There are 2 protein chains.
Amino acid sequence: MTEGAITGSMSTGWVRGSRPPTLDQVAELAGVSRATVSRVINGAPTVDSKIRATVENAIAEIGYVPNLAARSLVTRRTDSVALVISESDVRASGAGFLNQVFTDPYFGRITAGAQEVLRRNGIHLVIIPADAAAQQQVVGYLRQGHVDGVLLISSHHTDPLPQQVSGLAIPVVISARPAHRIPASYVDIDQGLGASLAAEHLYARGARRLATITGPLDTAAGHDRLDGFRKTLATHGIADVPYVESDFTRAGGEDAARDLLAGHPDLDGLFVANDLMASGALQVLQDLGRRVPDDVAVVGFDDSSAALACRPLLTTIRQPVEEMAGEMARLLLAHIREPDRLPRSVIFQPTLVVRQSA
Amino acid sequence: MTEGAITGSMSTGWVRGSRPPTLDQVAELAGVSRATVSRVINGAPTVDSKIRATVENAIAEIGYVPNLAARSLVTRRTDSVALVISESDVRASGAGFLNQVFTDPYFGRITAGAQEVLRRNGIHLVIIPADAAAQQQVVGYLRQGHVDGVLLISSHHTDPLPQQVSGLAIPVVISARPAHRIPASYVDIDQGLGASLAAEHLYARGARRLATITGPLDTAAGHDRLDGFRKTLATHGIADVPYVESDFTRAGGEDAARDLLAGHPDLDGLFVANDLMASGALQVLQDLGRRVPDDVAVVGFDDSSAALACRPLLTTIRQPVEEMAGEMARLLLAHIREPDRLPRSVIFQPTLVVRQSA
DNA sequence: CTGAAAGCGCTTACAG
DNA sequence: CTGAAAGCGCTTACAG
């Protein structure tokens, strides 16, 4: 690697390192009190329009920006919230965890949905990945008061973060029903219904030798989707449903599909607990010479962008992730506004989206 | 969707909505002055060990956490920095942009590399996606002083953010050489060298009918990789190198590969400007019955996790993204500590990683 | 090594 | 509608 020096000067009016302009300086320049400047900045209606104009000019001329620390010291607000993506599983820690986060469209949808409503309310969103090694540092960040609230994405039953964060002084909304009963609002989807939809569709197509690739079984999405799939098939007299537990990644889906086909080469119906794993499974089926859906019909879960990247297009269970994240944001905003508000849960319903793979 | 009420009580000592304990309360309980408590908290060496113990007990008993706003009002530090992922292209705005970010392993590697050095220094990292619609809100966030510095990921020549952010009072380190000469530190890779490595390897393998799939040509990574590829082949007497411009996504790579093969069915060597597009191209080549590398040899760029997910395994140009991000973090820390430090650039060298596809 | 006091830059009752 | 003043919760010279 090589280094070079870069020259040039700042383009701002005041030099980096010197102090930024304060409200007092604006007041002096405009010839009014600090209180008046403060009112103008905060849009108080009770300000004479001429004075308002004078103050606004002074603000522009001087390049004034309110100091967040000073402001939030008195208002006790920062106008920003954190989206914490938690992963308590140490096996998936560090770079591996970040690779998973930045490779799964699910998190992008969550972010998009939350952004949408937050932005409209003038609230900033910051994303904080919290793998096992970073969890305590993240809790520290939240306790210090950097943000007004937290949207917590957590999936493993053993994850201590929901418990810890809900014990903080700051409002939190969780992305799924917490494993332990804690007094926090959460948004979830009816996992069992989704799995049931998949089972019924595969059965109705005529599939009888069914199997499933699950997510980690210590997550609700992993466990409940397997459970719902089996229970529904049981009502049709199909008792034994082979499954392989995997990890919600594409590569994991490939491995699981290979395992499954090795043990059950005559499969004709496959339910995969998310689209990313399904895309991997589809690849393996193709490599092994199986036609989809003719030889084996495949149903995914999520209806993410990965479903549309599949060949054939993936039939899947739609989870309205963006709306769910939007609802999380709305709940959080409500809790921030009314600290005494009681926690509540909001459960969304999944739907079947039929495309080509089943 | 259905709603439910959740009951339960808080597990903390003090109730949400009431005020958190202050340093004064700790001082009173410990029977010392606020200054002493402050010194204990900040690890000042000049504190009697008995007094220190007393204070620490009081802190623990009362569950005291320093108030960030009050602290940073005087220290002018927040001990956190932002990783801003900027996308000025309005076509890729909103949900599309977030889907791209959370689908490309590149950003996970950047985050991992930066986290590594930041965490060691006790600095928090928050990630902020900034698509065209959000850029001004993000600039506002940075100006207010939420963070001590910013790591800026920006690629389009027309992106106004590098310019704007470097005009702020806060230190910034950019992920690539800025299009316009602005006084900010940046870290980059020798793009031309990378492309040259790819060209030489394909040529040495015997490929003579070469083509390339580029990134957006208004980015350095898009433009310089195309340019370097062509220039190197020109030295071997290969003048006309067909190319298709794409967008660094997997789906974009698929489309581009289809276009390229339609116009040039006799291709025997392909350089794809990143691994994600290469994985899509590989898929298309397979669909069209081309054997890789026998019929057409393929070289990617990045050496990301996508390269290892390819069949055959992708030969690619390794970009040490984690180290580059680590260097960005180190530079930023230095600028935060010494505000007068001069900007500098650090350029890394790519290497060829030979696997199966070429 | 410890404490009293000033000050960081805002907002917000409270008067007028 | 506007201003003087108190106060938010810390840190840090300055004395001692």
Side-chain angles (χ1 to χ4, degrees), chain A residues 14 17-56 58-59 62-80 140 143-146 148 169-170, chain B residues 14 17-56 58-59 62-80 140 143-146 148 169-170:
Chain A
W14 54 280
S18 77
R19 297 215 162 166
T22 68
L23 188 147
D24 282 85
Q25 294 171 35
V26 176
E28 188 173 15
L29 181 59
V32 298
S33 73
R34 309 151 47 169
T36 298
V37 177
S38 179
R39 288 188 191 104
V40 169
I41 286 162
N42 294 298
T46 66
V47 178
D48 180 88
S49 60
K50 295 194 169 183
I51 294 191
R52 178 186 304 280
T54 313
V55 171
E56 279 166 351
I59 289 173
I62 215 172
Y64 171 72
V65 179
N67 177 306
L68 171 78
R71 167 182 277 178
S72 76
L73 178 56
V74 19
T75 61
R76 297 175 179 283
R77 301 241 351 218
T78 63
D79 289 331
S80 63
R143 298 186 71 185
Q144 281 177 78
H146 281 92
D148 298 332
I170 173 183
Chain B
W14 55 281
S18 76
R19 298 214 161 166
T22 69
L23 188 148
D24 282 87
Q25 294 172 35
V26 176
E28 188 174 15
L29 181 59
V32 298
S33 73
R34 308 150 49 168
T36 298
V37 177
S38 179
R39 289 187 191 103
V40 170
I41 286 163
N42 294 297
T46 66
V47 179
D48 181 90
S49 60
K50 293 195 170 183
I51 294 192
R52 178 186 303 280
T54 313
V55 171
E56 279 166 351
I59 289 173
I62 215 173
Y64 170 72
V65 179
N67 177 307
L68 171 78
R71 165 181 279 179
S72 74
L73 177 57
V74 19
T75 61
R76 298 176 179 282
R77 302 241 352 217
T78 63
D79 289 332
S80 62
R143 297 186 71 185
Q144 283 177 77
H146 281 91
D148 298 334
I170 172 182

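What you see below is based on every heavy atom in this structure, not just the backbone, and it leaves out hydrogens, waters and symmetry mates. Each chain gets a letter, A, B and so on, in the order its sequence line appears, and its residues count up from 1. Remember, predicted model here, so these are calculated numbers, not experimental data.
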Options C:dG9, D:dC14, C:dT12, nucleotide nearest the side-chain atoms of A:Ala35: C:dT12
N/O (side chain, [X]) to phosphate O (OP1/OP2, [N]) under 4.0 Å:
X: B:Asn42; N: D:dT11; answer: yes
X: A:Thr36; N: D:dT2; answer: no
X: A:Ser33; N: D:dT2; answer: no
X: B:Thr22; N: D:dG9; answer: no

- prompt: Are side-chain heavy atoms of B:Asp148 and B:Asp79 found at a separation under 4.5 Å?
  reply: yes
statement: By nearest-nucleotide position on DNA chain C, the 5'-leaning member of B:Thr46 and B:Ala70 is B:Thr46
query: When all nucleic acid strands are considered with a 4.0 Å heavy-atom cut-off, which category describes A:Leu68: base, sugar-phosphate, or nothing?
result: nothing
- request: Just call it for B:Arg76: base, sugar-phosphate, or nothing, with non-hydrogen atoms closer than 4.0 Å on any strand.
  value: sugar-phosphate
statement: So CG of A:Asp48 and CZ of A:Arg39: to nearest 0.5 Å the spacing works out to 12.5 Å
- request: Go ahead and write out DNA chain D as dot-bracket, 5' to 3': ( ) for pairs within the strand, [ ] for ones crossing earlier pairs, | when the partner sits on another strand, dots for unpaired; Watson-Crick or G-U wobble, both distances under 3.5 Å.
  value: |||.||||||||.|||
- prompt: Going by modelled atom types, is there a donor-acceptor pair between the base of C:dG3 and the side chain of B:Arg39 at under 3.5 Å?
  reply: yes
